[in-house]
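First up is the structure itself, then whatever we jot down about it.
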Amino acid sequence: MSAQPGETPNGLRRELRLRDLVFFNVCAVAALRWLGTAAHTGPGALLLWAFAALFFFVPSALVVVKLARLFPEEGGMYIWTRQAFGDGHAFLCSWLYFISSVLYYPSLLLAGVSMAAYVFGAQGAGMADQRIYALPATLVVLWGLLLVNLIGLRVAKWVLIAGGSSTFVIAAILGALAVAAGVHTGSATHFVLLPHAGFDTLNLWSQFALAFTGLELAPIMSGELCNPRRDIPRAALISGALCALFYIGGTAAMLVLAAPNAISPMNGLAQAGAAAAARLGHSSISVLFSVLISLGVGGQLCTYMAGNTRLPYAIGLDHYLPDAFARLHPRWHTPWVSLLVQGLAATVFLVMAQVGDTMRAAYQILVDMVLITTLIPFLYIFGAGLRFAGRIASLSGLLVTLLALALSIVPPPEASSAAIFELKVIGGTVLFGVAGWLVFSRYRATAASARNSFSRQ
């Protein structure tokens, strides 16, 4: 295929510039749902955010930037792991990351629906727990954003810009409301920054590290960035500072507006808006928060769809998946087969998440599985960093990842049965890993044959 102006040799279109990449990173990293979890923990969460940024976020940014400069190809972590450890490990790394993202879509959508329902009169989880409402709403959003990504980054980037902008606006409004409420009625929380020492705090800190993942997404689309070598480092620096400020400042603002025990881990951001509306006497604040939260969740989901779609495409180019994954849409030049597959898989998980358990229980199971399947690829990313990037940054990120991985397999106190928790979380992760290895083994001969054929030409 001969490339047209603005296209790569494979036919992908270079659509994203520095501005777009900053919004892309903000959408990928700054997840609104984590603010509720952090504020529910109390003021000690502020120090936990700072330590997570110092020992995980900064090291991951340094490693990702260095690897993206060395290997500015479409595929990102797949290319890095292949260069460092070979094709098999590259496939497993990308396979698990793809699975983790597909698992993440339902948890993100359920959190967004729950927050929106709270604002529009649900008074907590009541309306959000009505599956007759939640399932159609999440499916409409899911497939609407899949259609946007099918058309391409030329259109999808505006969803990212809207989502990233809403994140900035939410942070600014939270700060302004916290200042106004603090002046008029005082802070709802007494700030003691030192967190309680204990296993629960350590486990929470590892989850905060997971909240800082996302910078690895943009390099997966290196072939569609106008200048990846220049823009990825600049965007990481700008968006990294903004995301750290968002988490720390947003958590502090929520604690001024409401006490930790009054903040729900799932609906906390919506509750903060409702609390501010009640204290300041402006009901429109709640409605504004709902609109902004919806845009923010949509932007984040669109970001992960865009990056995640390119992993099976890159693997398909190496013939470790059916050749259809390496084909682009004839009109929009997007990896449409990969997009369709993840849409169907996410739909299945959404239905499963809302059948047989309460929404909260299903949400927690999905979050636990996302944690493990996301952290294993980071072992590969930091492992590649040890070979090709800075050793100190790679070691710091690797140690935090190993700690988080170890803590993630420990059943939480609210688990009704430790055995069932282990079966669902660990067993499910192992099952996904074995399935990936079987797929790789199935297509290994095809990939070797394709390489031999190429070398003879």
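By convention here, the first residue in the shown sequence is residue 1. Computed over heavy atoms, backbone and side chain alike; hydrogens, waters and symmetry mates excluded.
Between the side chain of Ser166 and the main chain of Gly296, a donor-acceptor pair closer than 3.5 Å is present. For Thr41 (side chain) and Thr37 (main-chain N/O), a donor-acceptor pair under 3.5 Å exists by modelled atom type. Formation of a donor-acceptor pair under 3.5 Å by the Ser100 side chain with backbone atoms of Tyr97 is found in this model. At least one donor-acceptor pair under 3.5 Å links the side chain of His40 to the backbone N or O of Ile263. Side chain of Trp95 to backbone of Phe432: a donor-acceptor contact under 3.5 angstrom is found. At distances below 3.5 Å, at least one donor-acceptor pair connects side-chain atoms of Ser187 with backbone N or O atoms of Thr189. Looking at Ser222, its side chain never comes within 3.5 Å of a backbone N or O of Pro72 through a donor-acceptor pair.
When the options Arg310, Arg14, Arg17 are evaluated for a salt bridge (Lys or Arg N to Asp or Glu O under 4.0 Å) with Glu224, the one that passes is Arg310. Of the residues Leu150, Val341, Leu328, the one that meets the side chain to side chain contact (heavy atoms under 4.5 Å, CB included) test with Pro335 is Leu328.
Across all their heavy atoms, Gln207 and Trp34 have their closest contact at O-CH2, 3.5 Å. Closest of all the heavy-atom pairs between Met77 and Ser94 is CG-OG, 4.4 Å. The shortest heavy-atom contact between Val22 and Ser239 is O-CB, 3.9 Å. When every heavy atom of Cys243 is checked against every heavy atom of Asn25, the shortest pair comes out as SG-O, 4.3 Å.
Ring-centre distance between Phe71 and Phe388: below the 6.0 Å cut-off.
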Enumerate, atom names and distances included, each donor-acceptor pair closer than 3.5 Å involving a side-chain atom of residues 49-68, sequence neighbours excluded.
from: Trp49; atom 1: NE1; to: Thr251; atom 2: OG1; distance (Å): 3.0
from: Ser60; atom 1: OG; to: Phe56; atom 2: O; distance (Å): 3.1
from: Ser60; atom 1: OG; to: Phe57; atom 2: O; distance (Å): 2.8

Could you walk me through whether Tyr304 and Gln342 pass the side-chain hydrogen bond (donor to acceptor under 3.5 Å, both in side chains) test, one step at a time? CA-CA 11 Å; Tyr304 273 84; Gln342 69 174 313; over 6 Å; no
Worked verdict on Phe212 versus Tyr247 for ring-ring contact (aromatic ring centres under 6.0 Å, His included): CA-CA 9 Å; Phe212 275 120; Tyr247 278 136; 5.2 Å; yes
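Applying the salt bridge (charged side-chain N to carboxylate O under 4.0 Å, His left out) definition to pairs two or more places apart or across chains, those involving residues 154-173 are Asp20-Lys157.
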